[in-house]
Every structure is written in C-alpha cells, then in structure tokens.
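To start, the structure under review is shown below, and the notes come after it.
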Amino acid sequence: MEVDGRRLRAAHFVIATGSRAGVPPIEGLKEVAYYTNENVFDELHGRPDRMVVLGGGPIGCELGQAFGRLGVRVTIVEMLPRILEKEEAEAGALVQRALEAEGVRILTAARVRRVSGSGRVVRVELEKGDALEAEALLVAAGRVPNVDGLGLEAAGVAFDDKKGIVVDEHLRTSQPHIYAAGDVAGGYQFTHVADYQARTVVRNILVPWPKVTVDYSVVPWCTYTDPEVGRVGLSEEEAKQKGVAVDVWVQPMREVDRAVVESSEDGFAKVLTERGRDRILGATIAGERAGDLIHELVLAMKHGIGLKAISATIHAYPTFAEVARKTADRYQRSRLTPAARRLFEWLYRRQR
Ligand SMILES: Cc1cc2nc3c(=O)[nH]c(=O)nc-3n(C[C@H](O)[C@H](O)[C@H](O)COP(=O)(O)OP(=O)(O)OC[C@H]3O[C@@H](n4cnc5c(N)ncnc54)[C@H](O)[C@@H]3O)c2cc1C
C-alpha cells in the first residue's frame, strides 16, 4: 500500500474507507451550490430563510427537522410515496405528522426534474410541474461507498460502485489477506454494524482458525427524529414481500401511563411474530425514547425469548419500557381460547 509516497507492507489489510453522500443524476445539480451532511454544518454560514432537502430518508428527515427547529422554512422532497419508506408505514406517517406540525413541508411522490440557480436562490423543478425556491439545497439522497482512487483493481479486490467491496461471511475480500469493514463493505450502513464488523475482522486476523462468521439476523437501528423510530428485524411489508406469515401485535403509547404523564402519547410498539408461534421476527417502536426501548425486543429476538416470557417479566411502573410488556400481554390474551375463557369464568364465579 502506498500512503503519501510511503510504501507500507503488511500480512493483512483492512479497507474501511466508509461512504459519502450520493449525488443523484439530476439535470443542473452539479452546477448549483448544494450541501450534504458532510459540509452543511461547516459551510452554511447564517440561517437561510428556506431550505429544500432532497430525500425523505432518515438523514433527510433528521436534518430537515433540525433545520426546521433552527428557524429555517424546510421542504423535504421525496420521490417515493412516503418518507422513511424502509420503516413501518405507521411509523413514517407518525414522523410525517410530527414534522408537519412543526412547519416542515413534505412532498412525497415528488421527483425532481431539474435544478438551477440564480444568485443566492436555488430553483428546484419537480416533474409534476411545481417549482420550489430556496436559499439552501441539502442533498440527502443515499450514500455511495468510497471505493474510488484506492487502486482496488490493481490489488485484485472485487467491488461494485454502488454496493461497495464484495466480502465473504468472514469479511474477506476477493483477496483473502485483505478485509473490508463498515460502510464500504455495503449492507447495513450503521456505526454499530461497522463496529461489529471491525471486531469480527480483528478476531479473524488474530485467530485465523476457526474464523468467525458475521451474523446479521438481528440488527437494530434508530431514526433520530423526534419522535424516534427504533427498529429490528422484519417490517410487516417486508414479511409480506418475503411471503412470511406473521401475527401482528400493536400497542399504542397512549395506554402507557408514563407516556401519558409526559405528554408523549404519540407512538406505538408493533411486534411481528411467526404466524401461530411465539417467535419474534421483527419489531418497531415509534415515539419517545424508541431507540432505547427497542433493545428489550432486540435482546429477546437475539436469544429466542418470546412474548409470553416478556409478558411474564415484571416491568417497573411507570416506565416507557412497559410498552413492550403491554404488547406482549396482547399476545398472551389472544392465546385464551373460548374454552379456557369459559373455564376461568367458571373458576372466578366459584371462588367469589
Ligand atoms: C448524517 C448521518 C447520520 C448518521 N447517523 C447514524 C446514527 O445515528 N447511527 C448509526 O449507527 N449510524 C449513523 N450513520 C451512519 C454511520 O455514520 C456510518 O455507518 C459509519 O460512520 C460507518 O463507519 P465507517 O468506519 O465504515 O466509515 P466512516 O465513519 O465514514 O469512516 C471512514 C474514514 O475513512 C476515511 N477515508 C476515506 N477514504 C480514504 C482514503 N483513500 N485514505 C484514507 N482515509 C480515507 C474517511 O475520511 C473517514 O474518516 C449516519 C450517517 C450519516 C451520513
């Protein structure tokens, strides 16, 4: 490897060059001044009156809300039918309502046709004919792996411009002594996944046999809008697409006393279990502290703990964490067959 003219030799290498903001091929975009998450906080001097955020994914929503709260009139433009499209539809709708209540304008199913600039104003033309004007344009339309300029071809390391470096289940590239970890290796692009991969790589280099295999079966993440959206495993839509039959258990936050006293009733927990079985396949919590609350379900999923066990676990009152137990109680109540219900009613009458 050559670094600033110096040659470095090693038995093993790790490529961890991360990713950068992707810039969609929109006519005129390269000719106007635009920001990305990388430079917006350094190079945006003073508060623009209006900002257009290109992209209603997690980064667009988080930054859009942040700038809205700083007094900027923000419009988020999303080409898909809804924002946060990887999340449960109800979670996206909840965040959309919250952002709109704060004055953030959200345009969905809105594809940008052309961007142009005159003076300090950027003009964003949409395919449907509308046009938006703003003093600042923030591009938050996906990430691309940093694979350029590394000489990967010369090293014989296979990669894809969009998906990043190709790795096997031990995180080895097509050259077995070269590993890749983090965003550049594609897949889940989160700090905690990069951390997990880095640990795996170190372990596999230090103890080459038997090698550790990466396991992405239970990976949580959170979107840090207010309200937050915490997520692990399948969403209902993904389950449908994959043909996985599920039962769905939904618990509104408005029935969680701590949420009520803290006026944070907007939100819910939604848990998917395998149809007819107590096996958690996915969960979403939307609302106050969702990113923290999801971890009870992450732990349960990872270690095969079902809703019956969560329902039987004493949770401190009054806490937001009760939302998991209350969701699990719904599952438990559903298990009461008509015959069991009649039996309990008979026992109740008899013991009164
Ligand atoms: C706005 C935003 C918000 C995010 N929020 C979250 C969040 O809340 N939670 C979460 O889990 N994840 C979040 N992420 C994703 C998270 O930042 C990434 O998944 C994580 O940083 C990946 O770590 P990494 O080490 O692979 O890459 P990086 O952290 O990007 O580090 C790569 C480093 O390599 C350097 N580099 C690149 N090319 C070269 C080269 N040729 N030579 C030398 N050095 C080079 C880069 O300068 C950089 O310092 C967010 C990302 C963005 C953009």
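Atoms within a ligand are numbered from 1 in the order they appear, just like the ligands themselves.
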(message) Show me, by chain and number, every protein residue that has a heavy-atom distance under 4.0 Å to ligand 1.
(response)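 Only A16, T17, G18, N37, I59, R143, L150, G182, D183, Q189, F190, T191, H192, A194, Y224 have heavy atoms that fall under 4.0 Å of ligand 1, ordered by chain and number.
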
Show me the donor-acceptor pairs, under 3.5 Å and distance only, between side chains in residues 305-318 and residues at least two apart or in other chains.
| residue | atom | partner | partner atom | Å |
| --- | --- | --- | --- | --- |
| S311 | OG | D329 | OD1 | 2.7 |
| T313 | OG1 | A309 | O | 2.6 |
| H315 | ND1 | T313 | O | 2.8 |
| H315 | NE2 | E296 | OE1 | 3.2 |
| H315 | NE2 | E296 | OE2 | 2.6 |
| Y317 | OH | D257 | OD2 | 2.5 |

(message) What I want to find out is whether D226 reaches R69 closely enough, with some N-O distance under 4.0 Å, to be called a salt bridge.
(response)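 Here D226 pairs with R69 in a salt bridge, since their nearest N and O are under 4.0 Å apart.
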
(request) Would you indicate whether Y216, at its atom OH, is surrounded by more than 12 heavy atoms from other residues, nucleotides or ligands within a distance under 6.0 Å? (result)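 Check passes, neighbour count above 12.
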
(message) Parallel, tilted or perpendicular: which one describes the rings of Y188 and W221, with boundaries at 30° and 60°?
(response)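 Rings of Y188 and W221: tilted, 30 to 60°.
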
(message) Taking transitive links into account, so neighbours of neighbours count too, which hydrophobic residues share a cluster with L299 at under 4.5 Å side-chain distance?
(response)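 The other cluster members (ILVMFWY side chains, heavy atoms under 4.5 Å, direct or chained): none.
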
(request) Could you tell me which residues satisfy ring-ring contact (aromatic ring centres under 6.0 Å, His included) with H192, sequence neighbours excluded, listed by chain and number? (result)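 If we apply the ring-ring contact (aromatic ring centres under 6.0 Å, His included) test to H192, skipping adjacent residues, the hits are F190.
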
